[in-house]
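Only one structure is covered here, and it is reproduced in the block below.
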Number of protein chains: 2
Amino acid sequence: MLDASARELDPYQAGCPTRRILDLIGGRWTVLIVGALGEGTARFSELLRRVDGISQKMLTQTLRSMERDGLVIRTVTAEVPVKVEYTLSEAGRTLTEPLRALERWSIEHFSGVAASRSEYESRIAG
Amino acid sequence: MLDASARELDPYQAGCPTRRILDLIGGRWTVLIVGALGEGTARFSELLRRVDGISQKMLTQTLRSMERDGLVIRTVTAEVPVKVEYTLSEAGRTLTEPLRALERWSIEHFSGVAASRSEYESRIAG
DNA sequence: CAGCATCCCTGTAGATACTG
DNA sequence: CAGTATCTACAGGGATGCTG
């Protein structure tokens with residue numbers, strides 16, 4: 001649903017604030033974290049395992065900015081040891097579909113892109 | 001269409017080569033350039049105007065990597081002065097829909113994200 | 001017109017070590 | 001368990017000046 005101000009927004013204009021949001025998506029971990037949370041709530045350590053290769057630092061940092069942006073809800077349960085659960089907010093859930101589409105695109109077009117890359121390299125080198 | 005190798009690809013695995021492709025999308029200009037080329041062929045200088053705020057350097061650089069990855073076709077016409085046209089390849093066109101979805105998402109959810117951010121800031125500060 | 005080359009600054013991200 | 005803190009390295013990206 002577009003509110004009044006949304007109609008004025010144009011990402012092709014330099015000053016447009018939506019560019020800061022495109023940046024959000026640009027952070028290369030966001031796509032994977034949203035995907036990992038698509039199946040439901042997860043704890044910090046679970047995410048660390050699901051998103052293979054992410055460091056603690058980047059997971060914390062990315063989750064913080066996602067929380068700040070209202071994409072993710074963080075719930076702390078005061079047990080010992082502490083339990084922290086992350087889940088997608090309503091807004092976050094609306095991101096899963098577009099991001100899954102990108103994920104699918106990456107998988108489907110990987111071999112074509114790889115072929116194009118090596119062909120390009122040899123064309124330059126040769 | 002998934003070929004045999006595609007079935008093995010899982011972006012949630014650290015070594016997965018599709019992560020390099022997600023990076024491609026991460027470059028924050030790619031989204032806007034694909035969008036700008038969605039309406040058809042454009043010359044270098046046209047793109048420079050359409051994608052407001054991009055520098056010559058970044059436009060060149062991003063177009064090169066998109067060409068290398070087979071998303072964009074570059075056509076040089078030997079006139080004086082030179083004419084260089086860019087157009088989306090078949091693969092590039094398949095990206096327009098998913099990326100437009102993200103663009104729409106940014107526009108539609110901007111105000112919500114902005115609100116969440118300021119609310120978060122004041123919660124921290126307070 | 002459509003670039004390439006260069007300098008330089010900053011943010012992103014990894015590694016590592018420590019704590020409530 | 002779920003972080004925080006610090007140090008460091010490198011790539012992303014802007015500004016400027018030059019060229020086929």
Side-chain angles (χ1 to χ4, degrees), chain A residues 11 13-16 19-33 36-37 41-69 72-87 117 120 123-124, chain B residues 11 13-16 19-33 36-37 41-69 72-87 120 124:
Chain A
Q13 292 299 312
C16 183
R19 287 209 175 164
R20 299 259 66 96
I21 301 189
L22 288 173
D23 283 359
L24 169 163
I25 297 162
R28 69 159 163 287
W29 296 116
T30 307
V31 179
L32 295 170
I33 293 178
L37 286 176
T41 297
R43 301 183 60 164
F44 187 84
S45 51
E46 275 180 82
L47 286 173
L48 213 48
R49 270 178 286 110
R50 284 196 205 174
V51 183
D52 189 39
I54 194 172
S55 63
Q56 285 178 335
K57 177 186 163 183
M58 287 317 298
L59 181 56
T60 302
Q61 197 170 299
T62 310
L63 283 170
R64 280 288 175 286
S65 71
M66 290 173 73
E67 190 197 357
R68 192 189 55 143
D69 292 340
V72 148
I73 297 165
R74 180 172 178 267
T75 313
V76 183
T77 308
E79 303 177 345
V80 181
V82 189
K83 182 166 125 189
V84 181
E85 290 186 317
Y86 293 91
T87 184
R117 281 188 187 179
Y120 183 88
R123 203 188 332 153
I124 300 302
Chain B
Q13 292 301 312
C16 183
R19 287 210 176 162
R20 300 260 66 97
I21 301 190
L22 287 175
D23 283 0
L24 171 162
I25 296 162
R28 72 160 162 285
W29 295 116
T30 307
V31 180
L32 294 171
I33 293 178
L37 286 175
T41 298
R43 302 184 58 166
F44 187 84
S45 51
E46 274 180 84
L47 286 174
L48 213 47
R49 268 178 287 110
R50 284 195 205 173
V51 183
D52 190 38
I54 193 173
S55 64
Q56 285 179 333
K57 177 186 165 183
M58 288 318 298
L59 181 56
T60 301
Q61 196 170 298
T62 310
L63 283 171
R64 280 291 172 285
S65 72
M66 291 173 72
E67 189 197 356
R68 193 188 55 142
D69 292 340
V72 147
I73 296 167
R74 180 171 177 267
T75 313
V76 183
T77 307
E79 304 177 343
V80 181
V82 189
K83 183 167 126 190
V84 180
E85 291 186 318
Y86 293 90
T87 183
Y120 184 88
I124 300 300

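Here is how names work: the chains are called A, B, and so on, in the same order as the sequence lines, proteins then strands, and each is numbered from 1. Just so it is clear, the structure is predicted and the values come from calculations on it, not from any experiment.
Using a 4.0 Å cut-off, some side-chain N or O of A:Arg43 falls inside it from OP1 or OP2 of D:dA2. Phosphate proximity of C:dG3 to B:Tyr86: present, with a side-chain N or O under 4.0 Å from OP1 or OP2. OP1 or OP2 of D:dG14 lies within a sub-4.0 Å distance of a side-chain N or O belonging to B:Ser55.
If you take CZ of A:Phe44 and C1' of D:dT4, they are 11 Å apart, rounded to a whole angstrom. Taking atom NZ of residue B:Lys57 and atom P of nucleotide D:dC18, one finds them 18 Å apart after rounding to whole Å. In this entry the distance linking CG of A:Leu59 with C1' of C:dA13 reads 13 Å, nearest Å. One interatomic measurement links the two molecules: CG of A:Leu63 to P of D:dG3, which rounds to 8 Å at whole-angstrom precision. Atom P of nucleotide C:dG14 and atom CE of A:Met58 are separated by 6 Å, given to the nearest angstrom. At whole-Å resolution of the value, CD in A:Glu85 and C1' in D:dC1 are 12 Å apart. Taking atom CZ of residue B:Arg64 and atom P of nucleotide C:dA2, one finds them 12 Å apart after rounding to whole Å.
Shortest non-hydrogen contact noted between A:Val51 and A:Ala36 is CG2-CB, 4.0 Å. Contact between B:Leu48 and B:Leu59 at its shortest, heavy atoms only, is CD1-CD2, 3.6 Å. Residue B:Asp52 comes nearest to A:Ala14 through the heavy atom pair OD2-N, 2.9 Å, listed as atom of the first residue, atom of the second, then distance.
Using a 4.5 Å cut-off on side-chain heavy atoms (C-beta onward), B:Thr41 and B:Thr75 make no contact. In this structure, the side chains of B:Tyr120 and A:Arg64 come closer than 4.5 Å at one or more pairs of heavy atoms.
Heavy atoms of B:Gln56 sit under 4.0 angstrom from at least one base atom.
Near-neighbour residues of DNA chain C inside residues 73-81 of chain B, defined by a heavy atom below 4.0 Å, number-ordered: B:Arg74, B:Pro81. DNA chain C is contacted by no residue of residues 47-54 of chain A, taking any non-hydrogen atom closer than 4.0 Å.
The listed nucleotides are D:dT4, C:dT6, C:dG14; the one nearest the side chain of A:Thr60 is D:dT4. Counting only heavy atoms from C-beta on, A:Val84 has its side chain closest to D:dA2 among C:dG14, D:dA2, C:dA2.
Pairs of residues two or more places apart, or lying in two chains, never qualify as side-chain hydrogen bond (donor to acceptor under 3.5 Å, both in side chains) while including a residue from residues 76-85 of chain A.
Of the two residues contacting DNA chain C, namely A:Val82 and A:Gln61, the nearest-nucleotide position lying further toward the 5' end is that of A:Gln61.
Not counting sequence neighbours, the partners of A:Arg74 by the side-chain hydrogen bond (donor to acceptor under 3.5 Å, both in side chains) test are A:Tyr86. Remark: B:Arg49 engages no residue in a side-chain hydrogen bond (donor to acceptor under 3.5 Å, both in side chains) (not counting sequence neighbours). By the salt bridge (Lys or Arg N to Asp or Glu O under 4.0 Å) test, A:Arg68 is found to be paired with B:Glu121, residues two or more places apart in sequence or in another chain being considered.
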